[in-house]
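Encoded as structure tokens, the structure appears first; notes follow it.
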Amino acid sequence: MDDALAELLAQAQPLGGQEDIATLDAHARVLAGAVTSTLDVPPADNTSMDGYAMRAADVPAPGTRLPVSQRVPAGHVPAPLEPGTAARIFTGAMIPPGADAVVMQEQCAAEGENVQVNHAPRAGEWVRKAGEDIRAGAEILPAGTRLTPQALGLAASVGRARLPVVRELRVAVFFTGDELAMPGEPLKPGAIYNSNRFVLRALVEGLGCRLTDFGIVRDTLEETRRVLREAAREHDLIITTGGVSVGEEDHVRPAVQAEGEIRLWQIAIKPGKPLAYGRVRNGRDGHADFIGLPGNPVSGFVTFLLFVRPFILKRQGVGALAPVALEMRADFDWVKPDRRREFLRARINATGGLDLYPNQSSGVLTSTVWGDGLVDNPPAKPIARGDMVRFLPFSALMA
């Protein structure tokens, strides 16, 4: 697997070109340039609690009574605090000049125009200082960052209405197999519903790509070649499921060889052995990359996470490609390991260990919904209950 992934990533050339888009529309896109703040965040001292702003020195002991001299809602500019008084204040509101502490309202008792302060504060209590989060001039998001919801919020917090992003990777997908039907259609004898289409589309779109779905392609060499030619004309990457094994009806691999070349085929992993990588001529002077995923649903899902995801991320200019891996305790026995590297569907249990899904077949898609991630098990390595294993959470593999 490591050799195959290194070869695949060596072919993943970063996209050229960028565009400037609204921050509201930038989820899952990749920054083409760093984002630097032009202001402090927060821009002024403010309170993190509803309560009363005061000078700490004016409350030497619990039970001190102070007159309330002003009321400060969020978004309003307060007057300087009169000595020996308190200001009623609400979360996010600016601290009045002269005040240096906030006492939360649960520790105060309003008494008409006065307040009894039942806590002696220290200077700085519940005060968020100007620039506490971000200083003007600081780089907050480097180039190559995938824009998560929290990254978008960070960009918005410094006033960035638009962001420079790498252009969208144009991805074409299609699915081979005369046995495939779509949900809602009658299921004829020998047919199955095309679950791979739903999984693959969602995974590709989740990476911020522009997707074209060519649907289900008839199981003939001629039709597969025709769709490959059409997809290669306007796309950077073509992804298929099925048709890359060694059967007489597996037409994708010979079709790619006829329209371009296969550079990589068959990986020593389970599930996912019949993964293919190649290139398809685009009818001009270039090519589209091609990745053929296995047709079994778990195999296709796992190989996308392990191979296609890092390939796409590198093409988008993302630097961090290795998945997050955790060392976790196996609460199961795996006594008959395969000679290939295995990726076993497992779930985190209530005691912090891992339980194994009882059926690890490559056709059991239920295991991917039940599980929290994959146990990355070396070739021919048995696992005994209590062993520490390498665990790849789905939450990291699909982030």
Inter-residue atom distance [X].[atom1] - [Y].[atom2], 0.5 Å rounding:
| X | Y | atom1 | atom2 | value |
| --- | --- | --- | --- | --- |
| T36 | I140 | OG1 | CD1 | 8.0 Å |
| M54 | I89 | CE | CD1 | 10.0 Å |
| E168 | D236 | CD | CG | 10.5 Å |
| I348 | F391 | CD1 | CZ | 4.5 Å |

Tell me, yes or no, whether the heavy-atom count around [X] atom [atom1], taken from other residues, nucleotides or ligands under 6.0 Å, exceeds 12.
| X | atom1 | answer |
| --- | --- | --- |
| W126 | CH2 | no |
| E113 | CD | no |
| R339 | CZ | no |
| K381 | NZ | yes |

Of all heavy-atom pairs between [X] and [Y], which one has the smallest distance, and what is that distance?
| X | Y | value |
| --- | --- | --- |
| R340 | K273 | NH1-CB, 3.4 Å |
| L264 | A4 | CD2-O, 3.9 Å |
| P121 | A101 | CB-CB, 4.0 Å |
| S362 | R345 | N-NH2, 4.4 Å |
| P149 | H27 | CD-NE2, 3.6 Å |
| V318 | R146 | CG2-CG, 3.5 Å |

Do the side chains of [Y] and [X] get nearer than 4.5 Å, heavy atoms only?
| X | Y | value |
| --- | --- | --- |
| Q316 | C209 | yes |
| V103 | V59 | no |
| I291 | F307 | no |
| S361 | V298 | no |
| F175 | L200 | yes |
| D355 | W370 | yes |
| Y52 | R88 | yes |

Side-chain ion pair, [X] and [Y], N-O less than 4.0 Å:
| X | Y | value |
| --- | --- | --- |
| E222 | R225 | no |
| R229 | E259 | yes |
| D2 | R341 | yes |

Any donor and acceptor pair, going by atom type alone, linking the side chain of [X] with main-chain N or O of [Y] inside 3.5 Å?
| X | Y | result |
| --- | --- | --- |
| S37 | L39 | yes |
| R71 | A87 | no |
| N194 | L180 | no |
| N296 | G363 | no |
| T23 | R160 | yes |
| D58 | G84 | yes |
| Q70 | P78 | no |
| R55 | L81 | yes |
| N196 | G295 | yes |
| D333 | R385 | yes |

(request) For residues F394 and F301, establish whether the separation of their ring centroids is below 6.0 Å. (result) yes
Taking atom types as modelled, is there a side-chain donor on [X] or [Y] under 3.5 Å from an acceptor on the other?
| X | Y | answer |
| --- | --- | --- |
| H287 | E261 | no |
| H235 | T212 | yes |
| Q116 | N114 | no |

(request) Could you point out which residue of R162, R167, R29, R210 forms a salt bridge (charged side-chain N to carboxylate O under 4.0 Å, His left out) with E19? (result) R29
(request) Pick out which of V256, T240, V252 makes a side chain to side chain contact (heavy atoms under 4.5 Å, CB included) with T224. (result) V252
(message) Evaluate R347 against D372 for salt bridge (charged side-chain N to carboxylate O under 4.0 Å, His left out), listing each step before the verdict.
(response) CA-CA 5 Å; R347 181 165 71 181; D372 295 317; 5.4 Å; no
(message) Would you call the rings of F311 and Y277 parallel, tilted or perpendicular, taking 30° and 60° as the class edges?
(response)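 Because their plane-to-plane angle lies in the 30° to 60° range, the rings of F311 and Y277 count as tilted.
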